[in-house]
2 protein chains.
Amino acid sequence: MSETSLNEVAVDGRSRGSNQSGLRAHNERAVLSLIRRHGELAKADIARRTGLSAQTASVIMRSLENESLVIRDQPRRGRVGQPSVPMRLNPDGVLSFGLKIGRRSSELVVMDFVGQIRSNRTIRYTYPRVSDIVAFVERGHKELTAEIAPVLRDRVIGLGVALPFDIWSWAEEIGAPPADVAPWRDFDAEAELSAITGLPVYAANDATAACAAENVFGGSDCANFVYFFIAAFAGGGLVINGDLVQGRLGNAGALGSLPIPRKDGGSGQLIEFASLNRLETAITESDGDPDLILDTEGDWSELSGTLDNWLNEASRGLAYAVLSACSVYDFEDAIIDGAMPRPILDRLVRQTRREYETLNRKGISPVRFRSGNVGVNARSLGAASLPLFARFLLDQRITSGEAG
Amino acid sequence: MSETSLNEVAVDGRSRGSNQSGLRAHNERAVLSLIRRHGELAKADIARRTGLSAQTASVIMRSLENESLVIRDQPRRGRVGQPSVPMRLNPDGVLSFGLKIGRRSSELVVMDFVGQIRSNRTIRYTYPRVSDIVAFVERGHKELTAEIAPVLRDRVIGLGVALPFDIWSWAEEIGAPPADVAPWRDFDAEAELSAITGLPVYAANDATAACAAENVFGGSDCANFVYFFIAAFAGGGLVINGDLVQGRLGNAGALGSLPIPRKDGGSGQLIEFASLNRLETAITESDGDPDLILDTEGDWSELSGTLDNWLNEASRGLAYAVLSACSVYDFEDAIIDGAMPRPILDRLVRQTRREYETLNRKGISPVRFRSGNVGVNARSLGAASLPLFARFLLDQRITSGEAG
DNA sequence: CTTTAAATCACTAAAAGTTATTTATTGCGA
DNA sequence: TCGCAATAAATAACTTTTAGTGATTTAAAG
């Protein structure tokens, strides 16, 4: 390709043309996404399901096998005809780093191609500071890289970062001195962490990343869902046509900002009703121990009444939020996940569904409620999956035209 | 292509593969969309803007010229080098029918390739009945076809229909006997109108269709906007990455159903605040003439206080609706249009912007407000543009991979 | 040993890219 | 003012990449 740094005319972002390598890349992504969703598939299955010809499917699969992205399983006998050879993703095929930055802790993980966390590091704090996080990543990246088998080290394709938007504007809520969180305003995650790790860095909103994890690893077939992740803050994400929707500025699914009608008039943001920050405040006000809710394995039974009140508020807020989201787009599922014990989450989902059914849904298509399948780790896993999206997952964009 | 009606395995809707004709179709759509947006472009411009090679752009343009979809303009001299030959869409290249079904009237139009309405027919009623509409389309299609120059008759590519969702559920609001609107429940627009006209039929929600018109013919460069169309009902549409979002069930942008906080607690749907139905009711209650608002050219000055009250209510509702929509997706523009005089619409937009600025926008990306450029005809125009989407417009789906 | 289905080989078709060439201008120097 | 260099558009000729087709091979069931 020639030098085009001078004389280059802005290419129109909307009406991009495509070429044959784009076509092949698309088909490879389609194949990989399909295998990921089904666990394992024979070449013939892939041809049928993608609509590609058998030959094309065969060629693509062979090349993916050569790149060690897929491996062959035991041939399946028992049916008439030549046995089919199921192919599945090679867990060692690709590795990626994921960094979750939370209100009380951060986590750095190494994830393999099938979504297993291979190893991790955690740091706790009372509130997040840029300098601490950067140091943590620098040390963690070195240590975790050392733990990766040498032959696999060049399989690492990038670092994904899940971080709350506008951390600096939440100084009061998280009890941090404004001066300490101010550096977040100028923090360029892509540039600074890429300099440290030497990896391509992909950043996303934390709840959006969690949504990505639910989409890729949640094991559900639902291709259109609205997703809520309830942690210190409440946020969300969208999946439309099977693709994570990041938004024009990466701020799609800012569901924590949804205006929720108050019972006594006016409105408040969802985050004021449905965040664990809110629960923490309520616990403190009733002289309980707010650190209890950091234990996502416990049963939170000590919280009794305070928890019940929070669940009432949160579920009412979430019900309105789902209603608003479904007015904007006709989602099939509304999925709620969060940094809390499963039984509490399930109560939250049930109660939200009940609240939802009391609301005026005229003109809205029906929606199914369920809790997330990924759970507490969704943000770290989602962060680590961001580099996969960039290379191996269908993110949007299909040339139509029936193949086959 | 071989017979696959038997033995056919469901092709996976998400991970479709693609082929070379899909690639070419994509590139042709990209080229046509680009020309539409820019008015006219030389082949070399197209190559630069799509990222395609000059040769490919040339080949595609020649084939589009052969199909009479584009025509060449006067060569542009005055710059060094061979003069460039700007190409533009051929207005006669494609014709389509559009049917708007409204609460008080329906309209059938013939639209050309550049969005001009060539001719039209209108029918008025107190409420819409399936049998009347069907008869109207049958007669109108015959008459309008007769008005098309014989050589252009086979350029007609389809009929688009813009109709409110769930008409039958609004019997009370539109003052119709439930038995008279019940047939809408079983009305299959695609099948029945296709049988009458012999054309492919594409149906969409009326406000979604209006949004399509704003997107294609609005002349703005904004690729991400939320759109409201205020008529008897209030509805909306979404454009993301330059593409109309229709939704899983065609019910995306059901913005009339958005829950809006009431000042005195609880919530109501946007449509209760911001529809002309609401204004009509208010006029009737204050002993005014509700038919005044059917005159979209008038100045509505007779309505004075009633109109002011409605504008207050409507703009407050719309401000909340924009806030909710922008929490779900970070739109760049919020566009409001409707079946009302321009000056009234502009007041509505200004007041909505002011209301919006009083709301809590923490965590939300900034959004621009403006009134629609298409205006009252948006639904008819949008309906007629639906067949274009099916064939000639980039609707989604780009194979990535930098061409060139 | 026939039928079936997976997988692949050898070849064709379609699309886009590359390089060189043609064409029609402007602009500049003699 | 003429003529030639520079420039940019357009395209012809050819190459490369990709997918599809049809025939063939393989390995199993019945």
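Computation of the quantities below employed the complete heavy-atom set of this structure, encompassing side-chain atoms and omitting hydrogens, waters and symmetry-equivalent molecules. Below, chains carry the letters A, B, ... as their sequence lines are ordered, and counting in each starts from 1.
Of the candidates C/dA16, D/dG20, D/dA10, D/dG20 carries the atom nearest the A/S53 side chain, counting heavy atoms from C-beta on. Closest contact between the side chain of A/S58 and the listed nucleotides C/dT8, D/dT21, D/dA8 involves C/dT8. The side chain of B/K43 approaches D/dA10 more closely than any other nucleotide in the set C/dA15, D/dA10, D/dA19. In this structure, of C/dA16, D/dA10, D/dA27, it is C/dA16 that holds the atom nearest to the side chain of A/Q20. Across C/dA7, D/dG20, C/dT4, the shortest atom-to-atom separation from the side chain of A/V80 is found for C/dT4. Out of D/dA10, C/dA16, C/dT8, the shortest distance to the side chain of A/A54 is found at C/dT8. Checked against D/dT18, C/dA6, C/dA15, the side chain of A/R48 finds its nearest nucleotide in C/dA6. Taking only side-chain atoms of B/Q82, from C-beta outward, the nucleotide of D/dA10, D/dA12, C/dA15 with the closest atom is D/dA10.
We find that CG of B/D45 is positioned 7 Å from P of D/dA9, with the value rounded to whole Å. Distance CE (B/M61) to C1' (D/dA9): 13 Å, rounded to an integer number of Å. Counting to the nearest Å, the C1' atom of C/dA13 and the CG atom of B/L23 are 14 Å from each other. The separation between B/R72 atom CZ and D/dT11 atom C1' is 12 Å, rounded to whole Å. Rounding to whole angstrom units, CD1 of residue B/I46 and C1' of D/dA9 are separated by 13 Å. Between the C1' atom of D/dA9 and the CG atom of B/D73 lies a distance of 16 Å, rounded to the nearest Å. Between B/R62 atom CZ and D/dT11 atom C1' there is a gap of 6 Å when expressed in whole angstrom units.
Remark: B/S84 is not in phosphate contact with D/dA9, judged by side-chain N or O atoms under 4.0 Å from OP1 or OP2. Contact between the side-chain N/O atoms of A/N27 and the OP1/OP2 oxygens of D/dA19 is found at a separation under 4.0 Å. Residue A/R76 places none of its side-chain N or O atoms closer than 4.0 Å to OP1 or OP2 of D/dA27. Using a 4.0 Å cut-off, some side-chain N or O of B/R24 falls inside it from OP1 or OP2 of C/dA16.
The two residues B/R36 and B/V216 make their nearest non-hydrogen contact at CD-CG1, 3.3 Å.
Centroid-to-centroid, the aromatic rings of B/Y329 and A/Y329 stay 6.0 Å apart or farther. For A/F392 and A/F113, the gap between ring centers is short of 6.0 Å.
Of the two residues near DNA chain D, A/P83 and A/V59, the one whose nearest nucleotide lies more 5' is A/V59.
The existence of a salt bridge linking B/D112 and B/R118 is confirmed by a sub-4.0 Å separation between a basic side-chain nitrogen and an acidic carboxylate oxygen.
For B/Q55 and D/dA12, a side-chain-to-base donor-acceptor distance below 3.5 Å is present, hydrogens and geometry of angles not being considered.
Within 6.0 Å of CZ on A/R79 lie no more than 12 heavy atoms contributed by other residues, nucleotides or ligands.
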